[in-house]
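Here the structure comes first, spelled out in structure tokens, and everything after it is commentary.
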Amino acid sequence: MPARINVPCSGNGGTHTVVKIPDKITFGTSGNCTFISFQFVPVDPPPGFLNRQPASGGGATVSYDYDGSAIPDTGYEFSYVTNTPIAGNGTGVIKN
């Protein structure tokens with residue numbers, strides 16, 4: 001079953017853990033907003049993540065195919081902007 005990581009519309013996406021197995025990782029929100037943009041920083045996609053859907057921009061969700069490889073202890077940081085007018089920008093980290 002694909003992993004889903006929900007982030008708040010209003011900012012801090014927090015730290016999320018995924019299991020080291022091949023999977024589709026889907027980033028979404030509470031449903032009260034949509035992504036204007038979403039990306040890993042500084043490199044999108046980071047090693048082990050492929051096939052971003054949609055290929056660019058945002059939407060209700062953004063997903064990547066994850067190959068199950070180890071994520072560094074510091075994790076991969078992501079950044080997003082939502083259509084929430086106040087504080088609609090956020091960051092978060094994904095780790096194993």
Side-chain angles (χ1 to χ4, degrees):
M1 180 170 174
R4 181 173 171 107
I5 295 174
N6 286 320
V7 298
C9 293
S10 60
N12 183 6
T15 300
H16 304 274
T17 303
V18 294
V19 179
K20 288 188 240 181
I21 58 170
D23 201 355
K24 180 178 285 294
I25 309 293
T26 300
F27 294 87
T29 67
S30 61
N32 296 324
C33 65
T34 59
F35 293 118
I36 294 171
S37 68
F38 180 98
Q39 65 279 329
F40 282 97
V41 288
V43 177
D44 186 55
F49 289 77
L50 306 164
N51 254 355
R52 183 188 196 277
Q53 294 297 321
S56 63
T61 62
V62 174
S63 65
Y64 294 82
D65 292 335
Y66 170 54
D67 69 8
S69 59
I71 296 174
D73 290 344
T74 55
Y76 292 136
E77 184 177 350
F78 58 86
S79 167
Y80 61 95
V81 176
T82 70
N83 62 352
T84 301
I86 300 171
N89 301 333
T91 59
V93 176
I94 189 169
K95 297 182 172 192
N96 292 122

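Worth saying up front: this structure is predicted, and the values here are computed from it rather than measured.
- With sequence neighbours left out, the side chain to side chain donor-acceptor pair (under 3.5 Å) criterion links Thr15 to no other residue.
- With sequence neighbours excluded, the residues that form a side-chain contact (heavy atoms from CB on, under 4.5 Å) with Asp65 are Lys24, Asn51.
- As a member of the Ile/Leu/Val/Met/Phe/Trp/Tyr network built from side-chain separations under 4.5 Å, Val41 groups with nothing else and remains a singleton.
- Counting all heavy atoms, side chain and backbone alike, Gly28 lies closest to Phe35 at CA-CE1, 3.8 Å.
- Taking the salt bridge (charged side-chain N to carboxylate O under 4.0 Å, His left out) definition, one finds that Asp67 meets it with nothing, sequence neighbours left out.
- A heavy-atom distance below 4.5 Å is found between the side chains of Phe78 and Val7.
- Taking each heavy atom of Pro8 and Gly13 in turn, the nearest pair found is CD-CA, 3.9 Å.
- Taking Pro42 as the reference, nothing meets the side-chain contact (heavy atoms from CB on, under 4.5 Å) condition, with sequence neighbours excluded.
- Scored by the side chain to side chain donor-acceptor pair (under 3.5 Å) test, Tyr64 finds Asp44, Arg52 as partners (sequence neighbours excluded).
- Listed by first and then second residue, the disulfide bond (SG atoms under 2.5 Å apart) pairs that reach into residues 43-96 come to none, sequence neighbours excluded.
- Across every non-hydrogen atom of Asp23 and Ala3, the tightest pair is OD2-N, 3.3 Å.
- Aromatic ring centres of Phe27 and Phe38 lie closer together than 6.0 Å.
- Other residues sharing a hydrophobic cluster with Val81 under the 4.5 Å side-chain heavy-atom criterion for ILVMFWY residues are Ile36.
- The structure places CD1 of Ile5 at 12.5 Å from OG1 of Thr61, a figure rounded to the nearest 0.5 Å.
- Shown here for Ser69 and Gly48, the closest heavy-atom pair between the two residues is OG-CA, 3.6 Å.
- Annotation: disulfide bond (SG atoms under 2.5 Å apart) contacts involving residues 37-96, sequence neighbours excluded, are absent.
- Residue pairs that meet the disulfide bond (SG atoms under 2.5 Å apart) test with at least one member in residues 38-96, sequence neighbours left out, do not exist here.
- The stretch residues 10-96 participates, sequence neighbours left out, in these disulfide bond (SG atoms under 2.5 Å apart) pairs: Cys9-Cys33.
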Just distance, no hydrogens or angles: give the donor-acceptor pairs under 3.5 Å from side chains in residues 84-96, sequence neighbours left out.
residue	atom	partner	partner atom	Å
Thr84	OG1	Thr82	OG1	3.3
Lys95	NZ	Asp73	O	3.4
Asn96	OD1	Ile71	N	2.5
Asn96	ND2	Val18	O	3.2
Asn96	ND2	Tyr66	OH	3.0

